[in-house]
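Starting from 1, each residue takes its place in the sequence as its number. Because only heavy atoms are used, hydrogens play no part in the values below, and waters and symmetry mates are left out as well, while side chains stay in.
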Amino acid sequence: MNSFAFVFPGQGSQAVGMLDAWGDHPAVVGALAEASDALGEDLGKLIKEGPKEALALTTNTQPVMLVAGVAAWRVWRAEGGALPMALAGHSLGEYSALVAAGVLTLAQATPLVRLRAAAMQEAVPVGSGAMAAILGLDASKVIAVCAEVTSAYGQNEQETVEAVNFNDPSQTVIAGSKAAVERACEALKAAGAKRALPLPVSAPFHSSLMRPAAEKLRTALAATEMAAPQIPVVNNIDVAVQTDVDAIRDALYRQAFGPVRWVECIRQLKAMGATHIIECGPGKVLTGLVRRIDAELTGAAVFDPASLEQAKELLA
């Protein structure tokens, strides 16, 4: 069998009906029941019926993407899919990876990500923060321009812009205060960026403005029992595999206000021996990024019965 890793998507891949293709598979029904019981609300109904606007609210998006990723993982295992040599998750997807690795139960992780989402939303008033995707410019240049824009505001810590998602070699997401992000977009286009696309998000995720949210999350993480991972998980913030639960808690805390180093995560999985990267959960966003990060890696996605069978054949 080819050496492969599983990766889990984060916010942005959600869609109404995203679990419909699985039908009444017991693994999916069980995951929805476990997560819904933990929150005291029907996540299955929300996923199946929407509306789209409700699914896009970050307090809903984070729990539904968690359960969708874990559901796909459980189907994979129930249908005879082999264990991957390592796991990783993009931003929120790291929580799905930790559930798959046995660090957290789904019942523990669901209220944790709901709290994470609510704290992030509360940290910055709606409309005062922003994010944008910068295309066609080297990440080091994006970092430098963001630093220049932030320094122009002097000691005003609320006016800041930072590189927060390193998605592929020519796509870096920036986040911060609305004014600083807008100024940075203009500066980055002047510096050679092909495009600077504002993202339809409700908060500047992974920026230093999320520190108040991270403090609330740290308190919740400290009260959450965790087990040592049964499968290595490469984390976003350090591009490292941690086995100590306190180190895992600390990485999740810092991830809330630190960058998602996705390019390095994929390269680390390759360095660990992975030849195939399988995206587990709705959409194919991460599969597309894999191709752009390293053409030698083979990417595939597991999001319905047909794609699951294709992935199994690919890895045979």
Side-chain angles (χ1 to χ4, degrees), residues 3-11 38 62-63 65-67 69-70 73 83-120 123 162-167 175 205-274 277-278 280-281 286 293:
S3 296
F4 69 101
F6 260 49
V7 295
F8 295 85
Q11 291 187 217
Q62 296 200 26
M65 283 303 298
L66 168 76
V67 72
V70 171
W73 164 258
L83 283 173
M85 45 84 71
L87 305 164
H90 190 284
S91 184
L92 162 73
E94 191 165 304
Y95 287 80
S96 304
L98 290 169
V99 173
V103 176
L104 293 164
T105 65
L106 182 56
Q108 288 176 310
T110 309
L112 200 56
V113 300
R114 165 60 62 80
L115 179 146
R116 177 182 185 264
M120 286 176 162
E162 302 149 33
V164 297
N165 286 4
F166 299 95
N167 286 335
F205 302 117
H206 297 289
S207 73
S208 58
L209 296 176
M210 291 289 105
R211 278 183 178 270
E215 294 305 325
K216 292 179 184 177
L217 181 60
R218 177 149 68 173
T219 301
L221 288 165
T224 302
E225 287 290 324
M226 293 187 182
Q230 296 161 12
I231 306 169
V233 178
V234 177
N235 69 31
N236 289 180
I237 193 69
D238 301 316
V239 195
V241 174
Q242 299 288 359
T243 55
D244 177 74
V245 292
D246 285 334
I248 292 170
R249 287 189 184 96
D250 182 60
L252 290 173
Y253 156 70
R254 289 182 292 116
Q255 188 225 49
F257 62 90
V260 175
R261 298 162 61 185
W262 194 245
V263 172
E264 293 171 89
C265 286
I266 295 300
R267 289 174 176 164
Q268 177 60 24
L269 291 171
K270 183 184 181 184
M272 292 167 68
I277 307 291
I278 310 298
C280 186
L286 302 184
I293 291 168

Self-check item: CD on Q62 to CG on L66, rounded to 0.5 Å
Solution: 9.5 Å
Quiz item: Nearest heavy-atom pair of M272 and A86: which atoms, and what distance?
Solution: CE-CB, 3.8 Å
Practice problem: Taking the side chain as every heavy atom from C-beta outward, state whether L221 and M226 have any pair of such atoms under 4.5 Å apart. | Solution: yes
Practice problem: For H206, enumerate each residue passing the ring pair (Phe, Tyr, Trp, His ring centres under 6.0 Å) test, keeping only those at least two apart in sequence or located in another chain. | Solution: none
Quiz item: In Å and rounded to the nearest 0.5 Å, what is the CE to CG distance from M65 to L92?
Solution: 7.0 Å
Quiz prompt | Residues forming a ring pair (Phe, Tyr, Trp, His ring centres under 6.0 Å) with F205, sequence neighbours excluded | solution = none
Quiz item: Does F4 reach the side chain of P84, with side-chain heavy atoms less than 4.5 Å apart?
Solution: yes
Quiz item: Would you say the side chain of V234 lies within less than 4.5 Å of the side chain of V239, judging by non-hydrogen atoms?
Solution: yes
Quiz item: If every non-hydrogen atom of D238 is compared with every non-hydrogen atom of R254, which pair is closest and at what distance?
Solution: OD2-NH2, 2.6 Å
Quiz item: What pairs with T105 under side-chain contact (heavy atoms from CB on, under 4.5 Å), at least two apart in sequence or on another chain?
Solution: E34, A107, Q108
Quiz item: Any side-chain heavy atom of L87 within less than 4.5 Å of one from F6?
Solution: yes
Self-check item: Residues in side-chain hydrogen bond (donor to acceptor under 3.5 Å, both in side chains) contact with T243, at least two apart in sequence or another chain
Solution: none
Practice problem: With sequence neighbours excluded, give me every ring pair (Phe, Tyr, Trp, His ring centres under 6.0 Å) pair touching residues 86-114. | Solution: H90-W262
Practice problem: Using the test ring pair (Phe, Tyr, Trp, His ring centres under 6.0 Å), find all partners of F8 that sit at least two apart in sequence or belong to another chain. | Solution: none
Self-check item: Separation between CD1 of I248 and OG1 of T224, rounded to the nearest 0.5 Å
Solution: 12.5 Å
Quiz item: Heavy-atom distance under 4.5 Å between the side chains of R267 and V263, does that happen here?
Solution: yes
Exercise. Give the minimum heavy-atom separation between C280 and G69, together with the two atoms involved.
Key: SG-O, 3.7 Å
Self-check item: Separation of L115 CG from M120 CE (nearest 0.5 Å)
Solution: 10.5 Å
Practice problem: State, to 0.1 Å, how close V241 and P232 come at their nearest heavy-atom pair, and which atoms those are. | Solution: CG1-CB, 3.8 Å
Practice problem: Output the distance between atom CD1 (I278) and atom CG (L286), rounded to the nearest 0.5 Å. | Solution: 12.0 Å
Quiz item: Are side-chain N/O atoms of R261 and Q268 paired as donor and acceptor at under 3.5 Å?
Solution: no
Practice problem: Determine, for R218 against E215, whether the closest basic-nitrogen to carboxylate-oxygen distance falls under 4.0 angstrom. | Solution: yes
Quiz item: Within the side chain of E162, is there an N or O that forms a donor-acceptor pair under 3.5 Å with the backbone of S208?
Solution: yes
Practice problem: Start with the C-alpha gap between T110 and V67, add the side-chain angles, then the distance that decides, and say whether side chain to side chain contact (heavy atoms under 4.5 Å, CB included) holds. | Solution: CA-CA 8 Å; T110 309; V67 72; 5.7 Å; no
Quiz item: Can you tell me if D244 uses its side chain to pair, donor with acceptor, with the backbone of D246 under 3.5 Å?
Solution: yes
Quiz item: At what distance, to the nearest 0.5 angstrom, does CD1 of I266 lie from NZ of K270?
Solution: 11.5 Å
Exercise. Taking all heavy atoms of A101 and all of I231, pick out the closest pair and write down the distance.
Key: CB-O, 3.6 Å
Quiz item: What pair of heavy atoms forms the shortest contact from Q255 to S91, and how long is it?
Solution: NE2-O, 2.9 Å
